[in-house]
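Okay, structure first, notes after.
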Amino acid sequence: MIGVFDSGVGGLTVLHELLVSLPEEDYIYVGDSGHFPYGTKTVEELTARGVAITEFLFEKDIKLLVIACNSATAAAGPLIRKMGAEAGIPVLTVVGPEAEIAGAITESGRIGVLATPATVASRAYARALEDQGRPFTVTEVAAPDLAPIIQGGFPFDEAVLQTVRSYCEPLKEADVDTLVLGCTHYPLVAPMLQRLLGRDVRLVTAGHAIAGAIQRNLAQGGNLAKTGKEGTYNFLVTGDKEGFEKLGTRFLQLPLDGRVEHIELGE
Ligand code: DGL
């Protein structure tokens with residue numbers, strides 16, 4: 001079984017890519033919606049949530065953990081990877097894989113990063129891009145309202161459009177040719193972002209970037225499920241069960257009814 005976690009429905013964009021690449025695996029997804037949003041939490045708060053969820057999932061006997069949340073990765077990625085090394089469970093995180101893809105596909109070297117305030121403050125993307133040793137110009141934009149808009153079932157009214165437009169302005173001014181969607185919620189509004197930025201800007205998402213890395217990790221360890229049939233998927237949420245079920249069904253285009261359970265986790 002593979003464990004996946006996020007603050008809410010954003011990690012479903014990662015789970016979707018995993019279901020495409022590795023359909024025979026069994027998945028357990030923790031949506032920490034009772035503690036949403038992560039994007040405005042401190043490093044200490046994010047670390048406490050990340051550690052509690054990791055300990056919980058390690059007890060479920062998972063063979064691999066995916067941190068499907070940029071904010072949690074930026075704050076607690078190294079610590080959770082260390083917990084994984086001690087437990088003998090590989091931990092794969094977002095940030096690194098998207099930075100690698102963005103660096104590989106940019107032509108102008110002007111890369112944008114749209115992320116939560118916590119992720120932007122951590123400079124995780126800026127550092128991952130600097131580590132490539134190439135002269136990129138990186139424009140990072142914090143979008144405090146975007147994940148909450150999406151998690152709230154996005155109303156798509158004029159005010160939402162104006163908010164998203166204001167996040168895109170600095171990216172347009174910087175003339176980026178590549179935009180990292182540095183929050184796993186954002187692929188759910190990719191059409192709106194693409195429209196505001198224009199066709200020439202290429203969007204890089206976490207799910208797509210990380211699915212290949214997970215496949216390679218499992219293959220190298222001889223741990224790929226080979227059952228010849230579709231695996232199972234179950235969801236544990238710390239917040240409202242019905243709301244998650246409804247949104248998740250819509251985003252994943254998969255029936256979630258009967259598969260979502262409410263849990264209390266490290267309250
Ligand atoms: N989906 C999460 C991320 O990738 C966090 C969104 C939030 O909880 O603010 O950063």
Side-chain angles (χ1 to χ4, degrees), residues 3-18 29-50 52-54 65-78 80 91-99 101-102 112-128 140-154 160 163-164 167 179-190 193 203-211 213 235-240 243-244 247-248 251-252 265-266:
V4 181
F5 83 84
D6 177 45
S7 61
V9 293
L12 297 180
T13 61
V14 175
L15 180 64
H16 162 72
E17 295 293 343
L18 293 176
Y29 182 102
V30 171
D32 196 14
S33 46
H35 296 87
F36 181 89
Y38 275 10
T40 44
K41 289 198 169 20
T42 63
V43 171
E44 291 71 29
E45 289 167 330
L46 289 171
T47 302
R49 293 313 300 158
I53 296 168
T54 300
L65 174 66
V66 183
I67 308 182
C69 173
N70 298 74
S71 310
T73 297
I80 295 175
V91 174
L92 278 91
T93 66
V94 288
V95 179
E98 297 112 278
I101 290 187
V113 177
L114 188 64
T116 65
T119 300
V120 170
S122 74
R123 294 196 74 252
Y125 277 103
R127 271 186 281 118
E140 292 194 274
V141 175
D145 295 324
L146 193 46
I149 288 170
I150 296 164
Q151 184 76 21
F154 37 21
V160 166
T163 302
V164 180
Y167 296 145
L179 175 65
V180 174
L181 301 189
C183 169
T184 52
H185 280 71
Y186 299 171
L188 296 167
V189 291
L193 292 168
L203 306 181
V204 180
T205 65
H208 191 233
I210 202 176
F235 304 86
L236 304 172
V237 298
T238 57
D240 169 44
F244 185 92
L247 266 189
F251 293 156
L252 274 181
L265 203 160

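Whatever order the structure lists them in is the order used to number ligands and atoms, beginning at 1.
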Taking Y38 as the fixed residue, which of T119, N70, D32 is the one that meets the side chain to side chain donor-acceptor pair (under 3.5 Å) rule? D32
Looking only at non-hydrogen atoms, the one of R49, H185, H35, Q151 nearest atom 1 (N) of ligand 1 is H185
Should C69 be listed as contacting ligand 1, given a heavy-atom distance under 4.0 Å as the test? yes
Among all protein heavy atoms, pick out the one at the shortest distance from atom 9 (O) of ligand 1; state its residue, atom name and that distance to 0.1 Å. G39 N, 2.8 Å
Nearest heavy-atom pair of C69 and A72: which atoms, and what distance? SG-N, 3.4 Å
Ligand 1 to D6, heavy atom cutoff 4.0 Å, flagged ligand atoms 1 (N), 2 (C)
Value rounded to 0.5 Å, distance of CG in L114 from CG in L146: 6.0 Å
Atom indices of ligand 1 within 4.0 angstrom of S71 heavy atoms, with elements: 3 (C), 5 (C), 10 (O)
Grab the two heavy atoms, one from H35 and one from L265, that are nearest each other, plus how far apart they are. CE1-O, 4.4 Å
Give, for atom CD1 of I150 and atom CZ of F251, the distance between the pair rounded to the nearest 0.5 Å. 7.5 Å
T40, any N or O under 3.5 Å of ligand 1 N or O: no
Answer yes or no: is there a side-chain heavy-atom contact under 4.5 Å between H185 and T116? no
Check each atom of ligand 1 against the heavy atoms of T116 and keep those under 4.0 Å away; list them by number with element. 9 (O), 10 (O)
What atoms in ligand 1 come closer than 4.0 Å to a heavy atom of F36? 7 (C), 8 (O)
Does A147 approach ligand 1 within less than 4.0 angstrom via side chain, backbone, both or neither, non-hydrogen atoms only? side chain
Nearest atoms (heavy-atom pairs only) where L193 meets L181: CD1-CD2, 3.8 Å
Test your reading of the structure: does S7 have an N or O sitting under 3.5 Å from an N or O of ligand 1? yes
